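Everything numeric here is computed off the predicted structure, so don't read it as measured data.
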Protein chains: 2
Amino acid sequence: MATPKTEAFSRKEQDLAAFAKALAHPARIAILKVLAQNNECICGEIVEVLPLAQSTVSQHLKELKEAGLIDGNVDGPRSCYCINWKAFEKFNAEFSSLFHKLKDQQAKSCC
Amino acid sequence: MATPKTEAFSRKEQDLAAFAKALAHPARIAILKVLAQNNECICGEIVEVLPLAQSTVSQHLKELKEAGLIDGNVDGPRSCYCINWKAFEKFNAEFSSLFHKLKDQQAKSCC
DNA sequence: TTCTTTTATCGTACAAAAACGATAAATATT
DNA sequence: AATATTTATCGTTTTTGTACGATAAAAGAA
């Protein structure tokens, strides 16, 4: 009886939560920074910078990719990753929207 | 050997990840919406609205509180929760900062 | 072709999260 | 004082996340 009740919530809430989940690990935030700072964005470079095993980094990259936050192209034996700016913008906008919606009703707060 | 390596990352990365983790569940996003929309923000009201058991909601409230996103005052036998706007602002600002830092380097991207 | 490099995936182990019922604690109500 | 209401916490189960080593797959180099 520990089945997650994800579908019991609205699609927007699910999407926002999924986005937040993708960012909910310091390694994945670090990866995004590396992707933004390096021209190369080769998997191996990320592995060198992070204090994690190659397989673990690969796993984090997969999660970011599945969340739609990054893209990855195979380049010979290597893999080149980069940020999906369109998706990033979209989620950033939705987050800001949530923040502002919440803030607009601040006056009603009881505490 | 599945011990999390959280401390191996920068404090800022840890903080952002912790904030994201607090938002990484649709129930907690829904709770924040309820807190913003209702004057009362009594635990019982949240339980009524959410498709979860009382104990589960209480657990989510605890996580939001520990993340610093909400405050809670005991009011007789009831508990009144409200959003901690200061913390919210802080994290929103840090998130926007990350977004913009990343975006500023978009031109360098290789993909 | 053989060997090396690079990365994804598999298998595994442990940790943490998600969900619930039951119960305890605290305050109102009768 | 006894009872009811409200919510936090405990104990438990199941699922998901985190991490690693080992290995497979794919491409380049010898």
### Message
Without decimals, in angstroms, what is the distance between Ile46(B) CD1 and dA8(D) C1'?
### Response
14 Å
### Query
Are any of His60(B)'s side-chain N or O atoms less than 4.0 Å away from OP1 or OP2 of dA19(C)?
yes
### Side-chain heavy-atom pair Lys5(A), Leu52(B) within 4.5 angstrom cut-off
yes
### Message
If you assign each of Cys43(A) and Thr6(A) to its closest nucleotide in DNA chain C, which residue comes earlier from the 5' end?
### Response
Cys43(A)
### Summary
Among the nucleotides dT18(D), dA8(D), dC20(D), whichever has the atom closest to the side chain of Glu63(A) is dT18(D)
### Query
Within the distance-only criterion (no hydrogens, no angle test), does the side chain of Gln14(A) pair as donor or acceptor with the backbone N or O of Phe9(A) below 3.5 angstrom?
yes
### Task
Starting from C1' on dA18(C), measure out to CD on Glu66(B) and report it in whole angstrom.
15 Å
### Task
Would you classify Leu61(B) as touching base, sugar-phosphate or nothing, given that sugar-phosphate means primed atoms plus P, OP1 and OP2, and contacts are heavy atoms under 4.0 Å?
nothing
### Task
Whole angstrom is fine here: how far is it from NZ in Lys62(A) over to P in dT18(D)?
14 Å
### Message
It should be established whether Tyr81(B) places a side-chain nitrogen or oxygen under 4.0 Å from OP1 or OP2 of nucleotide dT6(D).
### Response
no
### Query
Nearest to the side chain of Gln54(A), which nucleotide is it out of dA22(D), dA17(C), dA19(C)?
dA22(D)
### Message
Among dA19(D), dC20(C), dA22(D), which nucleotide has an atom closest to any side-chain atom of Leu52(B)?
### Response
dC20(C)
### Message
From the set dT7(D), dC20(D), dA15(C), return the single nucleotide nearest to any side-chain atom of Ser58(B).
### Response
dT7(D)
### Task
State the CG-OH distance between Asp75(B) and Tyr81(B), to the nearest 0.5 angstrom.
12.0 Å
### Message
Side chain of Ile42(A), heavy atoms from C-beta onward: which of dT7(C), dA8(D), dA15(C) has the nearest atom to it?
### Response
dT7(C)
### Query
Separation of Lys5(B) atom NZ from dA13(C) atom C1', in whole Å?
15 Å
### Task
Establish, with yes or no, whether the OP1 or OP2 oxygen of dA19(C) is under 4.0 angstrom from a side-chain nitrogen or oxygen of His25(B).
yes
### Query
Which whole-number value in Å describes the distance from Asp75(B) CG to dA25(C) C1'?
16 Å
### Summary
Ranking dT7(D), dC20(C), dA22(D) by distance to the side chain of Ser79(B), first place goes to dT7(D)
### Query
Considering only side-chain heavy atoms of Arg78(B), which listed nucleotide, dG21(C), dT6(D), dT16(D), is closest?
dT6(D)
### Query
Is a side-chain N or O of Ser58(B) found less than 3.5 angstrom from the main chain of Gln54(B), in a donor-acceptor match?
no
### Query
To the side chain of Pro77(B), which of dA18(C), dC20(C), dT27(C) is closest?
dT27(C)
#### Entry: Nearest-Å distance for atom pair CD/C1', residues Gln59(A) and dT16(D)
11 Å
#### Entry: Residues Arg28(A), Glu63(A): salt bridge by 4.0 Å N-O rule
yes
### Of the listed nucleotides dC20(C), dT15(D), dC14(C), the one nearest the side chain of Ala2(B)
dC14(C)
### Query
Is Glu13(A) reaching over with its side chain to a backbone N or O of Ala27(B), donor-acceptor style, under 3.5 angstrom?
no
### Task
For Lys21(A), report the nucleic acid contact type (base, sugar-phosphate, nothing); a contact means any heavy atom under 4.0 Å.
sugar-phosphate
### Summary
Between Pro51(A) and Val74(A), whichever has its closest DNA chain D nucleotide further toward 5' is Pro51(A)
